[in-house]
Amino acid sequence: MKKLVAFDLDGTLAESKQPLQEAMQQALTDLLGVAHVAVISGGDWPQFEKQVASRLPEAADRSKLWLMPTTGTKLYTFNDGAWSAVFAELFDDATKAKILTEFDAALVATGFVPEQTWGERIEDRGSQITFSALGQQAPLDAKEHWDPDFAKRKIIQADLRKRLPGLSINMGGATSIDITREGVDKAYGIKKLRDASGIPLDEMMFIGDAIFPGGNDYPAKELGLDTVRVRDPKETVAVIEGIVACLK
Ligand SMILES: [Mg+2]
């Protein structure tokens with residue numbers, strides 16, 4: 001019997017950086033009626049608030065919701081009518097500076113220069129540095145067409161892994177690469193969640209769109225969790241409905 005269902009965010013619960021759609025809001029509300037729900041994603045808290053926390057209907061039981069920005073290096077829970085951080089682990093300044101330098105070097109070395117970008121391409125999220133190939137404000141349409149098969153990012157990822165030994169480098173949403181401390185990936189986040197919630201791993205399951213080697217959801221599978229790989233949020237809604245029917 002599963003007690004907690006954990007989800008990736010972008011490409012799984014919502015389109016990249018978009019708010020939860022109405023069908024998803026309802027599905028999650030129903031799921032919170034029968035299980036704990038966690039969301040673990042590379043995005044930082046403001047993104048979680050915009051896409052998830054502020055979109056939930058009044059009826060949703062927020063006391064069973066565990067929000068884990070920046071790949072689980074931060075945990076937010078809902079207490080006394082407000083969201084607050086339970087913990088947040090941050091990079092030190094020297095590590096941060098090295099990541100930014102090596103990112104530039106990797107892009108030059110791989111010859112990767114997109115024709116157009118929208119906004120900043122590197123985002124410092126405290127415990128995670130995220131590279132968005134087309135920029136933070138790139139339109140969804142451009143992002144979806146840029147690297148649908150992850151081919152471009154695999155090249156950048158391979159180069160970066162050589163330059164930044166000891167750091168964890170994984171492909172995230174539609175165009176992003178996330179860099180975290182060594183050992184920080186969704187498996188790390190899930191173990192932190194197990195410790196904070198007291199719910200054992202075999203009573204959890206994980207649903208994501210990047211459950212394949214190199215994908216940022218894959219560590220959840222390697223950790224031994226039961227996983228469901230989905231194509232898009234529409235498929236996720238159908239999977240949630242099935243789980244709710246089972247757990248009811
Ligand atoms: Mg995803």
Side-chain angles (χ1 to χ4, degrees), residues 5-21 23-25 27-28 31 37-53 55 65-74 123 125 127-136 138-154 156-157 168-180 184-190 193 204-223 225-240 243:
V5 186
F7 295 89
D8 162 55
L9 179 48
D10 282 352
T12 299
L13 289 179
E15 300 296 344
S16 179
K17 299 208 171 184
Q18 302 303 303
L20 299 181
Q21 296 285 294
M24 186 63 76
Q25 296 172 14
L28 286 177
L31 184 58
V37 171
V39 182
I40 305 181
S41 160
D44 205 352
W45 171 251
Q47 203 59 42
F48 267 69
E49 182 162 48
K50 204 159 36 172
Q51 288 179 263
V52 182
R55 303 290 165 170
L65 188 54
W66 308 78
L67 298 181
M68 305 195 82
T70 51
T71 319
T73 56
K74 298 179 187 173
E123 191 187 351
R125 298 174 176 173
S127 48
Q128 175 176 307
I129 307 278
T130 291
F131 165 70
S132 299
L134 302 182
Q136 296 289 325
L140 191 57
D141 186 54
K143 288 202 282 191
E144 277 174 348
H145 288 98
W146 180 71
D147 192 26
D149 54 0
F150 298 84
K152 290 173 180 150
R153 277 171 295 166
K154 277 179 185 163
I156 301 169
Q157 181 187 36
S168 177
I169 297 155
N170 282 293
M171 292 177 270
T175 64
S176 62
I177 293 177
D178 300 326
I179 300 189
T180 52
V184 173
D185 54 22
K186 291 195 185 181
Y188 173 90
I190 288 164
L193 176 63
M204 296 182 184
M205 62 183 294
F206 185 90
I207 298 171
D209 71 322
I211 304 175
F212 52 83
N216 70 349
D217 296 327
Y218 194 64
K221 189 182 176 77
E222 290 179 301
L223 185 61
L225 254 62
D226 290 325
T227 57
V228 180
R229 181 178 174 181
V230 292
R231 236 181 353 256
D232 52 31
K234 210 174 144 201
E235 190 177 353
T236 306
V237 168
V239 171
I240 293 172
I243 294 168

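Both ligands and their constituent atoms are indexed starting at 1 by order of listing. Fair warning: this is a prediction, and the values are worked out from it, not measured in the lab.
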Can you tell me how far CZ of Phe150 sits from CD1 of Ile177, rounded to the nearest 0.5 angstrom? 11.0 Å
The atom name of the N, O or S atom in Asp8 nearest to the Mg ion (ligand 1) is OD2
Atom name of the N, O or S atom in Asp10 that lies nearest to the Mg ion (ligand 1): O
Examine Asp209 and say whether one of its N/O/S atoms is closer to the Mg ion (ligand 1) than 2.8 Å. yes
In Å and rounded to the nearest 0.5 Å, what is the CG to CH2 distance from Leu67 to Trp45? 5.0 Å
Check this for me, if you would: do Asp8 and Lys186 make a salt bridge, where the nitrogen-to-carboxylate-oxygen distance has to be below 4.0 angstrom? yes
Closest heavy-atom pair and its distance - Arg125, Thr130: NH1-OG1, 3.2 Å
